[in-house]
Amino acid sequence: MGRRLRDGNVASHTPQNPRTNSCSRWELGVCAAVMACVSEFYAGKCVLITGATGFMGKVLVEKLLRSCPEVKALYLLIRTKQGQSSQQRIHTTLQSKLFDRLREENPDFHKKIIPVSSELTQPGLALSDEDVQTLTQNVHIIFHCAATIRFDEPLKHALQLNVIATQQLLSLAQQMQQLHAFIHISTAYANCNRHHIDEVIYPPPVEPGKLIHSLEWMDDAIIRDITPRLIGDWPNTYTYTKALAECVVQQESGKLNVGIIRPSIVGASWQEPFPGWIDNFNGPSGVFIAAGKGILRTMRASNDAVADLIPVDVVINLTLAAGWYTAVHRPKSVLVYNCTTGGINPFHWGEIEHHVMSTFKRNPLEQAFRRPNANITSNYLINQYWILVSHKFPALLYDLFLRLSGQKPQMMRIFNRLHKAIGLLEYFSSQDWEWNSDNMNMLMNQLSTEDRKMFNFDVRQLNWPEYIENYCIGTKKYVLNEDMADIPAARQHLRKLRNIRYTFNTVLLVFIWRVFIARSQMARNICDPLLPDLTTDTQKLEYPYQQNTAIYCPCLGPAPAHQAPCTTVYGRMTVYDRVWPYDRVRQCMAVYDSVWPCTTVYGRMAVYDSVRPCTTVYGRMTVYDSVRPCMAVRPCTTPYDRVRQCMAVYDSVRPCTTVYGRVRQCTAVYDSVRPCTTVYGRVRQRMAV
Ligand SMILES: CCCCC/C=C\C/C=C\CCCCCCCC(=O)SCCNC(=O)CCNC(=O)[C@H](O)C(C)(C)COP(=O)(O)OP(=O)(O)OC[C@H]1O[C@@H](n2cnc3c(N)ncnc32)[C@H](O)[C@@H]1OP(=O)(O)O
Ligand SMILES: NC(=O)C1=CN([C@@H]2O[C@H](COP(=O)(O)OP(=O)(O)OC[C@H]3O[C@@H](n4cnc5c(N)ncnc54)[C@H](OP(=O)(O)O)[C@@H]3O)[C@@H](O)[C@H]2O)C=CC1
């Protein structure tokens, strides 16, 4: 249990009533040890909330109205947006499923909500004089949730909203006649340049006032250029400005009772108003969805790093309890609450990956691009490899398909956005931090038994696998608005995708084999021993030289006496007789003098008939002039699969000498020849007659 002094040191903190270890009778609220002190405290109070249309703000409004039904009024500072007034916007917000439970329990809840038009980045928060008067006269508690949480926000805008607006709100709070507590929502990553983070306000990276002053006159291009230098160790303008905001809160708090809540990565609700509620793509939610849709296959994250997720209802329960505690106990300095799970009930990214994948396989998202199968890796190169193979290549193929079918290609664009988003998140998923959470524990001990149940933020009770499952299902139901009744169809779609994948993989394998492996001597040398030797014993006896070759082109039965055996030659093999040099790339093949058709075998090999000048065939094949038959009587037939190439067969022969490097088989047999001589590398052979 500790209290932070303004200079950031820790002082001992004595609860108001150590005997009951809970709240005491107090001038702001009355409660007994087992009573619900927190909700009692909010009875009759007017609460001002910024950011009420946002993720956390909505949950705060809902919980406050549901668990503190005697609250007098909620003043919600909302800006006009896209032509909608603050009234219209709050009306839309209250339609959310999030409020279903409250609507059932208290259909008139909206009567307590008073929208106030306010653009926080404007001077005086763009409040009318009348509104300023109403607020300064009535407000008891302020919860400041509004912020820009974008990681790529230009520094000037992030500063305006996260720092200057906070300053202005504090100055408004100073004018309030009945204010009991000001609660500022910060982030556990405000000090992410440190590994161990205590519940203190650390010295700012720069004096906020000076920065505000400097940026006032600089144009946007200059600010953009100097932003990386300014933010230094911080990964983005968001965390940097949140650090500055904490400093401003400390500097401007004056005599106010101030608390700062620092949640880590806020995720879907754990219990309230129902498990799994979430309505945005921020943080891990977008990653989960992308993985569930089968789009995201790889991401840089450390399997063993602690995933400091915290359910939104936990954060809000702690926030409301901190509001009560700050008002009732009036700590002498700003009290910071690190609202995290890692130190209390750790769970790791590797485990999250497993549970997310398993949930989406059982409860698939509709119209998935591929079957969900995402893996995280901390290795940069492995991640880049999988991005190429599992993101970019399928995206290219799919876009090609879209183009061919007359549609607009879109997959590459989606992947580029995804890569930008995950690139910004990787900083947080590739390392871990240690947060001290003494004040969170202290606050829990201050609550009555009833309050601990009603405002539960005891994350020791959190069952991670169950939570992650509800989270994923929440993204399906509340972010993507998918119907759970359609799960059988989604499963059927996954089965279809699996069959497409099997077919595609088979085609790809055959293609790779034909194009690459069949032409690769090394691959053949690896594979050949695995192939059956189909040569008959008779053949081996009759044509002993054949035994030097690895593969025989098995003619159907023993070859007639006048015939030379069929010798299989590999793709690139070449034997010359009267040759002339070829360039390095081209492979040169045989040139023969006398004249009758060589029988081709299959695949890429050429078929030649009598005496014509050599014609280039294709690829690496060559050119014959005056060809002698491969087989006098019948063609060499190969039962081998198509990768193998069967070449010429000659009569009256001597074996050619092996030419190539390590693995070359001696193959063709010629009459009146001198041994081949190696020309270069592994391909070339030259023979002289
Ligand atoms: C499967 C296994 C997974 C294992 C998990 C591994 C890792 C976990 C991943 C992350 C954890 C780290 C989280 C760190 C959080 C730090 C905590 C905080 O303090 S702050 C709160 C977090 N803030 C954010 O998360 C904001 C981040 N977002 C942004 O900065 C921007 O949105 C952006 C990513 C830069 C994208 O900007 P852009 O202009 O391109 O797009 P928009 O924001 O306008 O959105 C357009 C469109 O896309 C949707 N969207 C937004 N974000 C995502 C996303 N991450 N994934 C998918 N889609 C996203 C958005 O809703 C819009 O949709 P629409 O056009 O329909 O409105
Ligand atoms: N989400 C998370 O993972 C975490 C969030 N936090 C902190 O929690 C707080 C709430 O975050 P969250 O709810 O997720 O954020 P959201 O982006 O969901 O909500 C932001 C809110 O701020 C309001 N707002 C933004 N700009 C202005 C403006 N110029 N004038 C008036 N209102 C404005 C938005 O209103 P509008 O609808 O008009 O845009 C919205 O209501 C923030 O302070 C954030 O730093 C901390 C840790 C993690």
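Using a 4.0 Å cut-off between charged side-chain N and carboxylate O, Asp483 and Lys477 make no salt bridge. Between Arg101 and Glu62 there is no salt bridge, since none of the side-chain N atoms of the basic residue sits less than 4.0 Å from a carboxylate O of the acidic one. By the 4.0 Å N-to-carboxylate-O rule, Lys45 lies too far from Glu70 to be salt-bridged with it. The residues Glu246 and Arg262 are annotated as salt-bridged, a charged nitrogen and a carboxylate oxygen being separated by less than 4.0 angstrom. A salt bridge links Glu482 with Lys293: the distance from a Lys NZ or Arg NE/NH1/NH2 to an Asp or Glu carboxylate oxygen falls below 4.0 Å. A salt bridge is absent between Asp279 and Lys97; no separation between the charged side-chain nitrogens and carboxylate oxygens falls under 4.0 Å.
Applying the ring pair (Phe, Tyr, Trp, His ring centres under 6.0 Å) criterion to Phe347, with sequence neighbours excluded, gives His355, Trp464. A search for ring pair (Phe, Tyr, Trp, His ring centres under 6.0 Å) contacts involving Phe288 returns Tyr471, not counting sequence neighbours.
Within a 6.0 Å sphere centred on CD of Gln177, other residues, nucleotides and ligands contribute more than 12 heavy atoms.
In this structure, the side chain of Arg89 engages the main chain of Arg79 through a donor-acceptor pair within 3.5 Å. A donor-acceptor pair is defined here as one N or O able to donate and one able to accept, closer than 3.5 Å; no such pair exists between the side chain of Trp435 and the backbone of Gly342.
A 4.5 Å side-chain heavy-atom check between Leu155 and Tyr240 finds at least one atom pair inside the cut-off. Under the 4.5 Å side-chain criterion, counting only non-hydrogen atoms from C-beta, Ile142 is in contact with Met176.
The aromatic rings of His140 and His180 sit parallel to each other, their planes meeting at less than 30°, with 60° as the upper class boundary.
Figure legend: Lys63 and Phe455 shown as a cation-pi pair, the cationic atom lying under 6.0 angstrom from the six-membered ring centre and within 45 degrees of its axis.
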Checklist entry - Does the ring-ring contact (aromatic ring centres under 6.0 Å, His included) test come out yes or no for Tyr427 and Trp433, once each step is laid out? => result CA-CA 12 Å; Tyr427 174 90; Trp433 288 262; 5.8 Å; yes
